[in-house]
There are 2 protein chains.
Amino acid sequence: MKYQKIPEATIRRLSRYSRCLEEIEQAGEGVVSSAQLATRCMVNAAQVRKDLAYFGEFGIRGVGYYVKDLLSDIKKILGSNKEWRMAVIGIGNLGSALLSYKDFLKQNYKIVAAFDIDPPSVIGRVSEKLGKPVEVIHINRLKEVAKERRIEIGLITTPPSEAQSVADLLVEAEVKGILNFAPTQIIVPEGFVAKDVFFTTILDNLAYLLSNN
Amino acid sequence: MKYQKIPEATIRRLSRYSRCLEEIEQAGEGVVSSAQLATRCMVNAAQVRKDLAYFGEFGIRGVGYYVKDLLSDIKKILGSNKEWRMAVIGIGNLGSALLSYKDFLKQNYKIVAAFDIDPPSVIGRVSEKLGKPVEVIHINRLKEVAKERRIEIGLITTPPSEAQSVADLLVEAEVKGILNFAPTQIIVPEGFVAKDVFFTTILDNLAYLLSNN
DNA sequence: CAAATTTTGTGAAAGGAGTCACATAATTGA
DNA sequence: TCAATTATGTGACTCCTTTCACAAAATTTG
Ligand SMILES: NC(=O)c1ccc[n+]([C@@H]2O[C@H](COP(=O)([O-])OP(=O)(O)OC[C@H]3O[C@@H](n4cnc5c(N)ncnc54)[C@H](O)[C@@H]3O)[C@@H](O)[C@H]2O)c1
Ligand SMILES: NC(=O)c1ccc[n+]([C@@H]2O[C@H](COP(=O)([O-])OP(=O)(O)OC[C@H]3O[C@@H](n4cnc5c(N)ncnc54)[C@H](O)[C@@H]3O)[C@@H](O)[C@H]2O)c1
């Protein structure tokens, strides 16, 4: 298998396979075929095999895939086997919800810091949400704390007007990954990765499907 | 222009164009070219024209597109010109955040009801979040209230274990569109539309890009 | 132990989506 | 009025993704 550019769709599906494999593992299955996994993930079986083939050979012909091994391999591919250290910036409604999102704990995504421009007003609201109290830190200490706590991903939940300047701060602090929930497009330099999560786009999509079916 | 299946990517981009056109309109521009819009949305100019061509001819050769008209046309295509009446089910951390999401007001997405299985514990927390107090209603009144308030879209923010059964209730209440935030795949019958929003997939994607660049 | 069965991995084919390039149409200005 | 300019709409082309189909490999069965 020689090097090729991997489609983004493949990466998204790997994440789906990962979730399904966890359920299959829970159910006590030791081995799974591409056909079974495909049915569960609602994709084509050849698609599953092709996706995996980008990264190597993980199955045994005539048998299938060992669930535990495949899950571990996929997590290694995705980079979700290591622990990712995250910060939330903007502890309002959405930021607070993210702080108390329990699934992050189960996965290897860990929120290790919370920032706001107005910490006193929010510090009471979020404490103890994650089991242990979360201290909300003033945004002007972002760079210092990001270094100290080795933050790798920043979740932006400030108003849209502030999103780009917060992203700039994250870049300055060498936080390489950004997930932006504010409805404005974020631009980061080469070497950094920013993804925008637009709720309205998702709703527009739904509205379109509802209007045209 | 004859009928064709419209790519989902086109619909997503139309939503993006819509957002950009709003900014352009705000800036007081009356006319925009496909090249200008494309630069702003970070896509190819021909892509913009192709996307629009699926639905008709909206521009004037040698001139460009009238911003106001194009915005209105795109919203008509997406179905986001009409008001969409939504309900949030599961008024915990995320559900409360959605209730107080101010951008829904600006767009034509309106939350007109909130449901939970344990209303007394949450009723105080969400009141007045949207300007006017929001009454949290017991889930067992979903069908009745959905009819009464003409609810068209349900946002599921319950624990994953409850997500499918809540979806079933929504289907029974003939709520045609579902946006599911719980990390579990929802299945709905023909004629209904369900979209899952998996936070972990988005993070896995980011993790992959950070691990491999 | 060999034939039958199962299921992977992968080249080839088919199907979609994105880009290019240019004819076409509107406008401007001399 | 007509040439020059501008920018759309779209056929053709390229590139990418998905599906098909089957040889290869492992296992099971008689
Ligand atoms: N509420 C939702 O459900 C929801 C959903 C999708 C997207 N969003 C987006 O997420 C963002 C936050 O939404 P919200 O409802 O939580 O708003 P919010 O007003 O409740 O919270 C914003 C927080 O950001 C803080 N802040 C402002 N400027 C800052 C800065 N420069 N640095 C650090 N912190 C700063 C504020 O003090 C406040 O605590 C918005 O952009 C919104 O559009 C919200
Ligand atoms: N918190 C986040 O930031 C976040 C982010 C992404 C996804 N999610 C997902 O969204 C969902 C909610 O997360 P949360 O953190 O708000 O959880 P939460 O526990 O704070 O809220 C869940 C709410 O749902 C209610 N509920 C339970 N069963 C119900 C039923 N059958 N009918 C109606 N209401 C019911 C509960 O009473 C509770 O109020 C979860 O599935 C979670 O995985 C949360």
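Numbered from 1 within each chain, the chains take letters A, B, ... in sequence-line order.
Separating the OH atom of B:Tyr54 from the C1' atom of D:dG9 is a distance of 13 Å, rounded to the nearest angstrom. Atom CE of A:Met42 and atom C1' of D:dT18 are 18 Å apart (whole Å). Computed from coordinates, the A:Lys5 NZ to D:dT14 C1' distance equals 16 Å when rounded to whole Å. A straight line from CD of A:Glu57 to C1' of D:dA25 spans 10 Å, rounded to a whole angstrom. Nucleotide D:dA25 holds its C1' atom 18 Å from the CZ atom of A:Phe58, rounded to whole Å. For A:Leu52 and C:dG9, the CG to P distance is 7 Å, given to the nearest whole Å. Atoms CZ (A:Phe55) and P (C:dG9) sit 14 Å apart, rounded to a whole Å. Put simply, CD on A:Gln47 is 15 Å from P on C:dT10, counting in whole angstrom units.
The side chain to side chain contact (heavy atoms under 4.5 Å, CB included) test with A:Val31 singles out one residue from A:Val67, A:Ile60, A:Val63, A:Asp69, and that residue is A:Val63.
In this structure, A:Thr10 reaches neither bases nor backbone, as no heavy-atom distance under 4.0 Å exists between it and the strands shown.
Checking B:Gly62 against A:Pro7, the closest nucleotide of DNA chain D that is more toward the 5' end is the one next to B:Gly62.
Side-chain atoms of A:Arg49 lie closest to C:dG9 of the nucleotides D:dA7, C:dG9, D:dT10. The nucleotide whose nearest atom lies closest to any side-chain atom of B:Arg13 is, among D:dC20, C:dT19, C:dG18, C:dG18.
One donor-acceptor pair, N or O on each side, does fall under 3.5 Å between the base of D:dT19 and the side chain of A:Lys50. Remark: the B:Arg61 side chain and the C:dT24 base include a donor-acceptor N/O pair separated by less than 3.5 Å.
A salt bridge does not link A:Arg150 with A:Glu152: none of the charged nitrogens is closer than 4.0 Å to a carboxylate oxygen.
Between B:Ser34 and the phosphate of D:dT8, there is a side-chain N or O to OP1/OP2 separation shorter than 4.0 Å. For D:dG9, the OP1/OP2 oxygens have a side-chain nitrogen or oxygen of B:Tyr65 closer than 4.0 Å.
For A:Tyr101 and B:Phe181, the ring centers are positioned 6.0 Å apart or more.
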Salt bridge (Lys or Arg N to Asp or Glu O under 4.0 Å) evaluation trace for B:Lys106 with B:Glu22: CA-CA 11 Å; B:Lys106 274 191 241 161; B:Glu22 257 157 14; over 6 Å; no

